[in-house]
Structure formats: structure tokens, C-alpha cells
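All figures in this text were calculated on a predicted structure; none of them were measured in a lab.
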Amino acid sequence: MGLKEFIEKSFKKSPWVLHYNCSSCNGCDIEILACMTPLYDMERFGMVNVGNPKHADILVVTGTVNTKNKEVLKNIYDQMPDPKVVVAVGVCAATGGVFREAYNVLGGIDKVIPVDVYVPGCPAKPEAIIDGLYKAAEILKEKYEKMGKAEEVLK
Amino acid sequence: MMREIIIFVIAIALAPFIGGFLNGIDRKLTAFIQGRYGPPVWQPFYDVIKLLYKQKILVNDFQVFSAYIYLLTAILSIGLFAIKADLLMILFVMSVGLAFYIAGALSTKSPYSQVGAQRELMQMLAYEPMLIFFAIAVYNVTGSFNLGQIMKHGRLLFDLPLMFILLGLVLTIKLKKSPFDLSTSEHAHQELVRGILTDYSGPYLALIHIADWYEMILILAMIAILWSQNLLIGVLIALATFFVDIVIDNITARMTVKWMLAFSWSISILFTIINIAYIYFRR
Amino acid sequence: MQSNLLLLSILFPMVAGIIVFFLRQPSVRKGFIGVSLSVIVLLSLIILGSLKVPDVFNSPTYYNGMDIAIKIGDFVLLLYVLYISFKIKEWRATFFAVLQLVPLIYFEFFMLKEEEVAVFLVDELSIIMNLIISIVGSLIALYAFGYMDHHEEEKHVSPTRQPRFFAIILVFLGAMNGVVFSNNLMWMYFFWEVTTLSSFLLIGHDQTEETIKNAARALWINMMGGFALLLGIIFIYTNYNTVSLVDVLSIKESAYILLPMFFIAFAAFTKSAQMPFQSWLLGAMVAPTPVSALLHSSTMVKAGIYILLRFSPLFRGTMLSDFIAVYGAFTFLATAFLAISQSNAKRILAYSTVSNLGLMIASIGINTSSAIAAAILLLIFHAISKALLFLCVGTIEQHIGSRDIEDMKGLINKMPITAAITFIGILTLMAAPFGMLVSKWLILEVAANQIAVSVVLAIGSALTALYYTRWIGNLLSGTYFSKRSEEHMNVNIGISLYSLTVLAIVLSFMISSLYNMLVMPQILTMKMDVALKAAKGYLYTTSGGFMIYPIFITIGLAIVLSLTSIRKAAKTAVKVSPYNAGLNYIEDKGFDVKNYYLTTFVTEETLTKYFNYISIALIVVILGGAIL
């Protein structure tokens, strides 16, 4: 395995997850936390929950975007270094869910930032979330390949 | 001279691999204790390589310099250790890098990294004297600070049992393990985000991780020379200490800065004095 | 000829000072001072180059004249102090002045048999002190050109009091040279008192209530020290019938020497502001910054160290020496503790000065050849770095109107040059390849036998690193979005800051040649075996060695790598604001994180009280060591 392959593999094997609660009802959040418990143990795939967008590769968002928190969501997304992947967990994050018509709700988070993986459910099941995260890790690797300038960054 | 250069190069080339591997074992073992499956053993290498090739995002220029000097001084101290230089000098070299690491975090204006840096300063205050005490105690047994001469005394462990415990304590603080997990809030307790590391990101975070591996190896090597008669046994002792630290990490809760200072200072001064008295008693 | 050179180095600054006092035209005055300063520097270099040391200079023609002049000077000076103390109603100063006057009269008129002794004693230590006084002192005086103009403008002083200021500075430089060159102890005593007086006059320069109060405190404490010195000299004379330093140093039979040594050490403690006398040095920080830099960190407080070093062979290997080591180490630790609770930069520097002086005293107390070498190296490097830092703080204060390190946040954007120089200055004080740390390493190595001393030194070093690191962090804090501004530096201030920086770095780089050229011969002069050897940046003893070049190379490599990385990053990297929980980060707004000052368990007042008690007890112990 050459260095290039190893780097690419590293992106797939080490996705660090940032979880942002975008005014969710906490249902999905508890399920995300459940992913870290011994029963599901997402660290098997090298997924670590970090609290800092500057260290994160995958942004996991739960809940709907409203006029108040879209700035924060945008800021956090901007502070993540490339390559980065966004996972929308739960039906609220995907489409706005039952809150879609509320006066202050913009809708799903894809109204604010580009989303790569949608994990539906109300709340989403931990298995589904881990599956989504794994997909996200693969997308992360693809995105890195697309960046296609490993050598340039290396120099 | 030539031989020393070769040893120097081999040591600094080998150390990060051992350090990363130990870090992986640490994570695997922690997972085991917590009843999880855990990441693969070489997970730390994936992490570091990934970080190295992520995009650079910067807050100011000084943090770049800080990260580099922290890494380079850590490398230098391992190299100096390998060619058996002066123990105190190695500690001094190590502390230079640490000062920059902290100053770099302080210089970014994020409140999280500043609080983390202040806590790291307190951690430094807790373990820096202990390391110097260790050097002094070693001098009192061997009459030298030179590692070459120190290692002629085969079984320092019998002379310095308490200093060995202190080194274990240093290792716990240095690795930011519970109950001294103060400056980075290492274990997914995110009230400080990532503390001192908050604004170091991408490749620069990778440099700091590598530097941490070097420093871990340095402390372990210091433990290992306590049994320099047969370095294999020394290494085993060091590894045993490392495992005990992991266990302690998993069975304790985080304490406060104030407690850490009071605890580490009282223990270290007491142990040093008793141990040195013991050395003179044994003669 | 050569003794004339030495005489000139004492008298020339004094005469120049008196002339300056009468020069009212600013440009003429500055020109004259500038010329005098270059003459002083030149003189010190000539002395370094031409004198074969160690040497004693005997009975030139002017001995009697000088001696009488100094005797008269003694009385005039004490009477003047009496007058001052009445004027400012500082009765403790009166008390100690009278206390000195009485024995002085008795000693001069009834005891001292007039006989000619050698005039000057010159060895490497004197040369080192002379170089520090002349070069660092001149650079600081040069800095004062720019500083004092601004200072008087700020305080609306009119008519200008600068002639008085520079006159005292120049007289002080002469007096310091007198202290380090004199062979006759009575002469040394006279010059010692002149430095005390000039310190008093300079602290009170601004003539406000606070400055006069603090000046008065400095005066009485130092008069107490002067009294101790006089007592020491009288005791030496009663036991050994000599006031010649050379003869005193060659005393073999040391039964009666320890008590006078205690008094001389006591004088050194007061001059070097050791615990519990540190209050005068802290009070002295109200003086204009060049004064703090010159008198209260780099030269005058070093007179105490000088005199202790000078007499150190006489108490080598005694209990007195051991106790002095413990006492010095205690001061080192205690003042380092006090410094961490401070946010006022000048007070931090003052405490750290006292702390480092304590370190020097500790290593003199350890009194092995390597320890003495460490003390001398520390003396040199501390003088330069501390002077530099004081001058930086002065410059910063004049720009931002504060000397609080919390207010220095982001200084690198407001005053890039000064902040960078301050950063380098702090590095030379606390980071490894630089001279200060090499000396500290040496002290730790030689102290390792004495557990009490070494344990204390280890903790003290960590504390030192603490308060300097967070200062660096504050200085350099900033983001890419911070507002930047250009800095315009006064030419004189610039020259002096740059030269001191270069001096600090270059001397650290050449530490082995410095050691071989000046310090090692001094060890030999003091008739000790040289345990520490140095070659090509490698200092080593039998028990260990310190290489400075690898560390310099590492730092250089780090600079190169980070510069390339930053240059590369200019294209690809994103410049972001610091992490602020996703909220928009607004520069200089909202929250503020302060340093930990540990004020919950380190409060200056209570700690000072307890530390003072302990240190007084330690001084009593030293006295016990002298008597027993």
C-alpha cells in the first residue's frame, strides 16, 4: 500500500464527528449519544465525538433550522477544514418535519448548508445513524480524492 | 560521533511509531475496560495522517511556530536521551517546547483555548518540579546527571522506589489522564471544547499529537532506565506503569486544578525527601 | 598609567555628571551626555583590553588626596542624609544615619591608623561588573533621552528636571565603578553610600507624595545596609588591622572572620533587596523606568551580589555559607510565588529580579567553583535581559498608558516591534539555550547535593516559567482580523532596545567563549579548581553537560519550517476567527479571559507577611551560623 492509498484510507478510517443540535427535540440527540455506548460503539470505525468544528470531519446536525440558529450553523460549517461532510439526522434536519410550517422555521438544514447524507427517522435509530456516518466517511474519502491535491498540501 | 548520530536518528525515527502504537493500545484497552470493542490498534496513525492532509485553517501565525517548536523540541529531547546526554538538559529542552505550546494557545483569542492553556500551565507547574526532583534524586544515587553514567547503576528502582511512583504520576499528568484530565478535557467531556487544543487544527494538531507521543516515550524511557541492568525489564516496568495509568484513568473522575496542585506538590516534596533520606540510610 | 585609567573610569562620569547639572540647553546637554557615555563605554573596553588581571595597583601619587577627599565625602554624605531625613521626616533614616555617623567618627579619628594601602584591586569580576555598568548603563541612559522627554511632557514638568536626572545617573555610574574597583574598604563603603543616595534621589525624581514615601523607604533600608557594611569593616579592622581588600582576602586564619562576613552579607541582602527587604525594590518601581532598569535590576542591586562574591572565599565551606544558600533559595522561591499573583508588569519584573538575585545568592552560598561560575554567568545575563525587559515595559507604558499585562493583550498588533523585542527579552530569561537557563541548569546541578536548596530551586524554576509564559501569550495574542498599526519608535529608544537584544542573544550564543575569557580566570583567581569546562557551546562538568547549539539549531529549524508553512498556507489555508461556540467573533468585544493569578491561595499581603517572618528567622539562623 502506497502512501497515497494510506492517506485515502485514513480519511475513511478516521472520521471525527461534530454533533450540532439545531433546536432539536433531543430525541435524535439521545440516539446519537447511544451510538457511543458499548452497545453500538461507533469508535469501532474510528469515529470520535469532538466538540470542535476545527477538528471535525463530519458535521452531524439534528433538528430544524430557524432564523435564530442559521448563523451559528453556517459559522460552524465554515470553521470546519476541508474535506468535510454533513449528515442530517432525523426527519426535522432532513425536511423540517412537523415543524416545517412554523413561522420561524426555514426547513431542513439543506436550506443553509449542503448536506451529503440524510438519515431519516423520528427519532433516527442508532443503527441507521451509524450507517449514515459510515456512508459519510466514504464520502469524506471521495471528497479528499476529489481535492486531488494531496501532494500540494504535503509540500 | 558517527555512532551517536546514527542512534539519534534511529531513536527519533522509531519513537513516534512506538508512541502511536502505545496510544492505540491505550484506546483499545480503555474500550475493553468500558465493555466496548474499540478502534483498531493503529487508529492513532489514521488520525494523525488524516489530520496532516486536511486543509490548514489558522487564527494567527504564531500558533504555527508554536506547534513546530513543540514538536521539534520533543524530538530533540528524545534524541538527546538516546545519545545519553544530560538528564537535566533534556528536561530543560522539553520545557521550552511546552512553554511555546501554551503560549501559542494563549495567543489565539478563543476563550476555550485560553482557559485550557491556563490549566495546562497549572499542570506544568505540577509535574515540572517532579521531573527535576527525579533528576536530583538520581544524582544523589549515582553522582551524575549524565545518562551514560546513570545507566551504569543497574537497578535504580531499589534506590528510588518513591521516585518511580512520582514518575508514574508525571505520566498520568503528562498524558492528561483522569484525574488530571484538565487542560484538554480529553474524554468527550466537552465543557472546554478541546481546551488548549481548540484552535490548533488540521496539520498543526497532527504535529502536536506526534509531539505528545514523543513526550510520552520520553517519560516512559525515564522509567525504563530505573532498571538499566537489563533494559528489557526496564521497558516492561515502564509498560506496566503505563497500563496502571490507563486503569487509573478509567476508574477515577476528574479533579480540580487546585486539588491537583496541592496533591502533586505535597506528594512530590514528601516522596522526594523521604526517598533521598532513604538513599542515605541505605549507604 | 593603568591605575590612572581606573581612576578616570570613576572620576570621569562623576565630573561629567556635575557638568551636566549645569547644562540647561537641551541639545548641548544631550550632545555632551552622548559623548560622555561613549567615553565611558570606550574606557571600559580599554580597561578590558589593556589590563593584565588580576592586579593590585599600589600607591600612586594621588592616594592621600583621594583618601582625604573620600573621608570628607563620607561625612558630607551622612550629614546630607541626616538633612534629607529631617526634611522628609523619615526618622528611621535619621536613626541609621546617626548610627553610622557615631562609629564612623570613632573609627576614622581614633582607631584607623593612617597607612597607605593599595588603591585598586582589579580582577575579572571587577572587569565584568565594569563592563555591565558601562555598556548596559550607557544604553539605558541613551534610552532615557527619548523616555524622559515623553515622561516630562506627560507629567507637565516645567522647567525641565532632566539635568538633575542625568547628573545623578552619571554620578551613579562613577560610584558603581568605584565600588567594584576600590581596594580600600573605606572607599568601597563611601561609593556604596553614594549609590544608596543616588537611588534615593532618583526614586523620588517625580517629587510626588508616593515617590517620596517609597524613596524614603529605600533610603532607610539601604542606610541600614550601609551601617551593617561599616560594622563589618570595623570588625575586620579590629581583628586583622587592615582595611585593604587584598589583605583581607588573603587572611588565612579565619576564626574571627565570620561575624564581619555576616554583616557584609547583611549589607548585600539589603542592597540586593532580598526578603524581607524586598519592599524597597517594589516601592522603587514608581521611579521613571530607566531608573528601574539601571539601578534596580541591572547594576545597583548587583553591588550586593558583587560584594558577596568578592568575599565568598572567606566563608567557603562554613555553616554560614550553607545557611546563606538556604536563605537565597528561599528568597528565590518566595518572590517567585509572590510574582505569580501579580499582573502589573513592573512588579512582576521587580519580583523576578529579587528572585534571580536570590538565586545568585543561593549559588554563592553553595560556594563551589561551579556555583560561583553560575552566579557570575547569571549576573551577566540577568543584567542584560532584565534591563531590556524594563525598557520594553517603559516603552509599552508610554504608548498604551498601562503596565498591566492584561492590557498588553494583542500588543503584537499595536506595537509590533516593541512586542517582538519584549518577547525575545522574555525568552532570553526563561527559555533553554539562552544564558540565564544555562546558568540555572548549572546551579541545579551543583545544588543537587543540598536537598533543601535544590528542592526549593526546582519549584521556583517552574513558577518562573509560569509567569513568563502567560505574559508571552498575552503579548502575542491576536488574529488575522485584528486591527494592525505601524509603530514609530524614537531613535534613541530604538538603538538601545536593539543593541540590548543583540547583546542578549549574541552573548548567549558565545557563552563558552565568554566563560573561558572572563569567568574561568576569575575562578582561578579565587584559587579554586575549575570543575566546569566549556568548548564550542558545550559546558560540561564531570557530572553532566549542556549543549546549546542543538537547541539553537532546533529553534532555527522551527522558524524556517513555520515560515515556509505560513508562506505555503497563504494560498491554501483559510483564515478563520477563533472558535467561539459558533457565534460571530468580534474583536475586542464582549468576554475577556484573564490569566489565573491563583489569588484564592496566593494573596500578596498575607504571603508577604509570612515570608517575611520566615526570612527574618533565616537571617537569625545565618547569624547563628556566623557566631558558632
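Considering all non-hydrogen atoms of both residues, C/Tyr579 and B/Val193 come closest at CE2-CG2, 3.4 Å. The two residues C/Thr542 and B/Gln149 have their closest heavy-atom pair at O-NE2, 3.8 Å. Considering all non-hydrogen atoms of both residues, B/Gln118 and C/Tyr596 come closest at OE1-N, 3.2 Å.
Every pair passing salt bridge (Lys or Arg N to Asp or Glu O under 4.0 Å) that includes a residue from residues 197-209 of chain B is listed here, sequence neighbours excluded: A/Lys54-B/Asp199.
For the set B/Tyr68, B/Phe133, B/Tyr204, the count of heavy-atom pairs under 4.5 angstrom toward chain C peaks at B/Tyr68. Interface remark: of the candidates B/Leu131, B/Asn140, B/Thr198, B/Val257, B/Asn140 forms the most heavy-atom pairs closer than 4.5 Å to chain C.
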Give the table of side-chain donor-acceptor pairs shorter than 3.5 Å for residues 458-465 of chain C, with sequence neighbours excluded, one pair per line with atom names and distance.
unit_1: C/Ser461; atom_1: OG; unit_2: C/Leu457; atom_2: O; d: 2.7
unit_1: C/Thr464; atom_1: OG1; unit_2: C/Gly460; atom_2: O; d: 2.7

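With a threshold of 4.5 angstrom between heavy atoms, B/Leu76 approaches chain C through side-chain atoms but not through N, CA, C or O. Interface remark: B/Leu80 contributes side-chain atoms only to the contact with chain C (heavy atom separation under 4.5 Å). With a 4.5 Å cut-off on non-hydrogen atoms, B/Val64 touches chain C through its backbone and its side chain both. Of the two parts of C/Phe423, only the side chain, counted from C-beta on, holds a non-hydrogen atom closer than 4.5 Å to a non-hydrogen atom of chain B. For chain B, no part of C/Ile412 is nearby; none of its heavy atoms comes within less than 4.5 Å. For B/Tyr112, the part lying near chain C is the side chain, with the backbone staying farther off; criterion is any non-hydrogen pair under 4.5 Å. For C/Ser565, the parts lying under 4.5 angstrom from a heavy atom of chain B are both the backbone and the side chain. Interface residue C/Met430: only side-chain heavy atoms are found under 4.5 Å from chain B. B/Tyr127 does not touch chain C: none of its heavy atoms, backbone or side chain, sits under 4.5 Å away. With a 4.5 angstrom heavy-atom cutoff, C/Leu561 touches chain B via backbone and side-chain atoms both.
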Apply the test side-chain contact (heavy atoms from CB on, under 4.5 Å) to residues C/Leu444 and B/Ile132: give CA-CA distance (whole Å), side-chain angles for both, the deciding distance (0.1 Å), then the verdict.
-> CA-CA 9 Å; C/Leu444 275 170; B/Ile132 299 180; 4.1 Å; yes
Stepwise side-chain hydrogen bond (donor to acceptor under 3.5 Å, both in side chains) check, B/Asp61 with C/Tyr480 | CA-CA 8 Å; B/Asp61 288 341; C/Tyr480 287 119; 2.3 Å; yes
